[in-house]
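We count ligands from 1, going down the list as the structure has it; atoms in each ligand are counted the same way.
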Amino acid sequence: MDISSLLPLFGATPHASRPLIIAGPCSVESPRQISEVAQALSLEGIKYLRAGIWKPRTHPGSFEGVGARGLKWLVSAAVANDMIPLTEVANASHLRSALRAGIKNFWIGARTAANPFAVQELADEFALLNPSLRESVTVLVKNPVNPDIELWIGSIQRLYSAGIRRLGAIHRGFSSYGEKTFRNRPEWRIPIELKRRIPELPVICDPSHIAGRRGLVEEVARQAMEMDFDGLIIEAHCFPDDALSDREQQLTPSALGHLIKSLGHRCNDSGATSCLKACRDEIDGIDREIIALLSRRMDVAREIGEMKRRESIPVVQPDRYKALMEERIDDAARLNLSPEFLRRIFSIIHDESVNQQLS
Ligand code: PEP
Ligand code: MN
């Protein structure tokens with residue numbers, strides 16, 4: 001399906017304030033908490049205020065959000081500081097309440113995005129809106145908790161088909177059993193593949209839910225910027241240690257301000273830009289060499305194919321394949337390449353060699 005007639009998020013002109021920065025607490029907790037954090041974030045130059053009203057928690061009995069009464073607290077805090085509020089919606093009733101409170105910008109959480117029934121319920125509710133309201137709402141779809149790009153794209157398509165045109169994706173990492181470094185593994189290749197498949201779709205990174213701890217948020221945010229993400233959504237709270245949800249990963253507004261400045265310095269540094277250009281030129285050259293080498297390898301494979309045909313030797317020889325793979329993995333390990341990476345590459349190369357020998 002084609003997702004090409006998208007409009008800019010939040011009604012802004014494309015890339016007007018790139019990178020787009022959305023910040024705010026994990027949850028709205030009280031009128032005072034949300035108004036203090038909004039004010040402090042607005043002083044740091046933040047325009048988009050995120051805060052959860054209904055929280056999808058792993059264990060029952062944890063803080064599950066203040067519920068619909070928090071919507072007006074969020075809206076007043078945003079209005080008082082000239083900010084634009086966003087919140088998470090997980091079902092049609094959340095969406096109706098948020099729209100009634102005047103909120104027009106939403107994200108769909110990772111657990112909801114993994115459930116086609118829930119996304120379709122939201123899409124059907126969006127489809128009922130009058131066309132001019134529907135055209136003005138922004139919806140950001142988080143990646144599903146499991147690393148399944150098709151499910152992520154499927155959720156985006158459901159909203160597009162319902163007439164939502166201000167659509168974006170949020171990369172918040174993927175659950176993985178036994179993972180220690182990240183709360184949710186970044187698996188960068190998945191959002192990169194999403195950008196490749198739908199180039200018009202803005203992709204925003206959520207380093208807070210990837211990192212899961214304050215000390216790692218900046219590093220993940222920096223990596224996202226280096227990979228040319230369109231923006232960041234970061235959790236911030238005036239008193240992170242007292243937060244009612246996700247306290248380990250929330251930054252204070254001033255720490256967030258520092259983080260943004262440090263990213264800005266890197267992005268604007270002209271030395272870094274010329275260094276980047278030099279590295280890109282080098283990569284371009286290496287890629288050309290890889291292509292030339294692959295082409296030579298396939299020439300040789302075709303020659304081998306002919307010899308095998310003449311001498312009636314079978315094309316696939318499992319022992320030779322196993323020995324070759326082990327040898328390549330050892331060579332690669334000496335050059336600091338991961339065995340898994342090498343195994344994947346060589347299995348693709350070997351498949352193509354077999355095709356060439358059979359042709
Ligand atoms: C959140 O943004 O606070 C949240 C619950 O995120 P996720 O759906 O990514 O877990
Ligand atoms: Mn959170």
Side-chain angles (χ1 to χ4, degrees), residues 20-29 33-34 37 41 46 48-60 62-67 70-71 74 85-91 94-95 98 103 105-116 118-119 122 138-149 151-152 155-156 159 168-176 179 182-187 190-191 194 203-214 216-217 220-221 224 229 231-252 256:
L20 173 74
I21 310 278
I22 302 167
C26 179
S27 308
V28 171
E29 298 171 4
Q33 170 256 4
I34 188 68
V37 71
L41 288 170
I46 305 293
Y48 301 96
L49 178 67
R50 64 142 286 156
I53 293 287
W54 300 278
K55 300 305 298 180
R57 305 308 299 281
T58 304
H59 295 287
S62 330
F63 171 68
E64 289 185 326
V66 294
L71 290 165
L74 172 59
L86 294 87
T87 198
E88 172 174 349
V89 284
N91 59 38
H94 293 165
L95 179 55
I103 296 183
N105 306 296
F106 309 96
W107 79 86
I108 293 183
R111 293 156 195 80
T112 310
N115 178 350
V119 177
L122 284 163
T138 289
V139 184
L140 305 175
V141 185
K142 289 206 178 194
N143 62 258
V145 276
N146 47 324
D148 181 341
I149 191 169
L151 199 54
W152 197 2
S155 294
I156 292 162
L159 293 154
I170 299 179
H171 165 234
R172 51 76 81 191
F174 302 88
S175 296
S176 149
E179 168 64 48
F182 299 101
R183 178 175 177 194
N184 292 293
R185 270 168 53 165
E187 309 270 16
I190 297 179
L194 181 70
V203 184
I204 292 165
C205 181
D206 172 348
S208 307
H209 289 87
I210 293 175
R213 55 195 163 93
R214 264 189 278 296
L216 191 58
V217 174
V220 177
F229 275 68
L232 298 168
I233 176 164
I234 302 184
E235 287 189 342
H237 192 290
C238 291
F239 306 99
D241 291 332
D242 300 331
L244 298 182
S245 56
D246 287 352
R247 62 176 62 130
E248 278 98 35
Q249 70 195 34
Q250 304 207 54
L251 305 181
T252 60
L256 178 77

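Within a 6.0 Å sphere centred on CZ of Phe63, other residues, nucleotides and ligands contribute more than 12 heavy atoms.
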- Task: Take His209 and Asp246 through the test side-chain hydrogen bond (donor to acceptor under 3.5 Å, both in side chains) and record every step on the way to the result.
- Result: CA-CA 9 Å; His209 289 87; Asp246 287 352; 3.0 Å; yes
What are the distances between nitrogen or oxygen atoms of ligand 1 and protein nitrogen or oxygen atoms, counting only those under 3.5 Å?
from	atom 1	to	atom 2	distance (Å)
ligand 1	2 (O)	Arg50	NH1	2.8
ligand 1	2 (O)	Arg50	NH2	3.4
ligand 1	2 (O)	Lys142	NZ	2.8
ligand 1	3 (O)	Arg50	NH2	3.0
ligand 1	3 (O)	Lys55	NZ	2.8
ligand 1	3 (O)	His209	NE2	3.3
ligand 1	3 (O)	Glu235	OE2	3.2
ligand 1	6 (O)	Lys142	NZ	2.9
ligand 1	8 (O)	Ala110	N	2.8
ligand 1	9 (O)	Lys142	NZ	2.8
ligand 1	9 (O)	Arg172	NE	2.6
ligand 1	10 (O)	Arg111	NH1	2.9
ligand 1	10 (O)	Arg172	NH2	2.8

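With Ile108 as the partner, the side chain to side chain contact (heavy atoms under 4.5 Å, CB included) test is satisfied by one option alone out of Val139, Asn115, Leu95: Val139. When each of Ile233, Asp206, Ile46 is tested with Ile22 by the rule side chain to side chain contact (heavy atoms under 4.5 Å, CB included), just one qualifies, namely Ile233.
Protein N, O or S atom count below 2.8 Å of the Mn ion (ligand 2): the structure gives 4.
Residues Glu88 and Pro56 form a side-chain contact, since some pair of their non-hydrogen atoms from C-beta on lies under 4.5 Å apart. Annotation: side chain of Ile210 is in contact with side chain of Cys205 (closest heavy-atom distance under 4.5 Å).
Within the model, atoms CD of Gln250 and CD1 of Ile234 stand 12.0 Å from one another, a figure rounded to the nearest 0.5 Å.
Taking the six-membered ring for Trp and thresholds of 30 and 60 degrees, Trp54 and His94 have nearly parallel ring planes, at less than 30 degrees apart.
Contact check on Glu235 versus Arg50 returns a salt bridge, with a Lys/Arg side-chain nitrogen under 4.0 Å from an Asp/Glu carboxylate oxygen.
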